[in-house]
Every structure is written in C-alpha cells, then in structure tokens.
Participant: 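Here's a structure for you.
Here, residue 1 is the first one in the sequence, and each next residue gets the next number.
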Amino acid sequence: ILSCASFDPQFLLVVTIPLDLARGVANAEAGVLKSKAADELAKTEEQIAVNLQKTDAGAISALRVTQAIQSRKAADATLQAAGTAVNEAQAGLRQAEASLMQYQAAVQEAEAGLAAAQAALRQAAATEIQVALGVKMAASKTQAAEAQASDAKFNLEQCHILAPAD
C-alpha cells in the first residue's frame, strides 16, 4: 500500500504520510511497553510496601506506603494514556491509508480518462484522413465528370446532320 505505480512528486507526499504514521504507531506501541514496565515496577513496589507494613508496621512509614500507591496509580494512568495514543496513531494510519487508496483510485481514473481521450484523438485523426480522402475522390470524380461533359459537348458540336435541302 505504500508504493505508487508511477513517480509523481504530487503523490510522493501522499505515500510518505502513512510511513510517518506507521512510525508513530510503532513509537506509541513502544511507549505502551515502557509504560507497562513502569506500571509493573510500581505495582511491585506497592506490594512490597503494603506487605512490609502488614508484617512490620514500624519498618515502613505510612507515607512511604501512600507514595508507593500513588506511584502505581500514576503508572496506571500513564499506561492508559499510552494505550490511547496507540489507538489514535492507528486510527490516523488507517485514515491516511484510506486517503492513499482514494488518491490511487483517482490516479487510475485519470489514467483511464487519458487513455479514452487518446483513443478518441486517434479516432478523430483516422476520421480526418478518411474525410480528406473522400474529398480528394470527390474532386477527382468531379474532374472526370467535367471531362466527360466537355467531351460530350465537343462530340455534339462535331455532329452536324445536314438535311438534303441544305
């Protein structure tokens, strides 16, 4: 989908848009993976803090447990935002690909129109040649008819029938 049949700088931009969007999707997916890792780390730290507080309340302060919980919630929110970014990037890519297909269809339609116009032009040229030949044939036949008429006039002028009394 990312290639074009003929090189045209006008359509080169259309082809590069999906490539940029595909990179954006890949970057967003990488962001999701990074956010998942950070979320897992925050969950682990939270679990450690909660378990430590349960087993030995004096070993960790309530503030540290609260910080671990807040860090996990922030990591959850970051992961959710990264997932949304992936969805938006994929939607943008799909939209750009649809536009590309639309532009490719327009190119094909224009090429078909051009082929039809070229065929009509060739037909018109052939018709022009036929008409020119028809005019030349008609002119030739006209000259032949004029020659026949002139010959007939001459023969008529040469043909005098005299009556015996003349």
Participant: Which heavy atom of E29 sits nearest a heavy atom of V86, and at what distance?
Facilitator: N-CG2, 3.5 Å
Participant: How many angstroms lie between atom OG of S61 and atom CD of Q67, to the nearest 0.5 angstrom?
Facilitator: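 It comes to 7.0 Å.
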Participant: Please tell me whether N51 and Q47 have a donor and an acceptor in their side chains that are separated by less than 3.5 angstrom.
Facilitator: yes
Participant: Is R64 close to L52 at the side-chain level, that is, under 4.5 Å between some pair of heavy atoms?
Facilitator: no
Participant: Could you list the residues that satisfy side chain to side chain donor-acceptor pair (under 3.5 Å) with E46, not counting sequence neighbours?
Facilitator: R72
Participant: Provide the closest heavy-atom pair for A75 versus A42 in the form atom of the first, atom of the second, distance.
Facilitator: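 Closest approach of A75 to A42: CB-CB, 3.8 Å.
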Participant: Under 3.5 Å, side-chain donor or acceptor atoms of residues 118-147 against the rest of the protein: list the pairs with distances, not counting sequence neighbours.
Facilitator:
residue	atom	partner	partner atom	Å
T127	OG1	Q123	O	2.9
T142	OG1	A138	O	2.7

Participant: Considering non-hydrogen atoms only, spot the tightest contact between V25 and Q90 and give its length.
Facilitator: CG2-N, 3.6 Å
Participant: Mind checking the NZ-NZ spacing from K43 to K73? Nearest 0.5 Å is all I need.
Facilitator: 13.5 Å
Participant: More than 12 heavy atoms of other residues, nucleotides or ligands under 6.0 Å from CD of Q102: yes or no?
Facilitator: no
Participant: Just verifying a value: how many Å separate N27 CG and K34 NZ, rounded to the nearest 0.5 Å?
Facilitator: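 N27 CG to K34 NZ: 11.5 Å, rounded to 0.5 Å.
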Participant: To check you understand the geometry: which heavy-atom pair defines the closest contact between A28 and A89, and what is its length?
Facilitator: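 Closest approach of A28 to A89, heavy atoms only: CB-CB, 4.4 Å.
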Participant: Output the distance between atom CG (D39) and atom CG (L79), rounded to the nearest 0.5 Å.
Facilitator: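 Between D39 CG and L79 CG, I get 5.0 Å after rounding to 0.5 Å.
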Participant: Nearest heavy-atom pair of A68 and E45: which atoms, and what distance?
Facilitator: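 Here A68 and E45 meet closest at CB-O, 4.1 Å.
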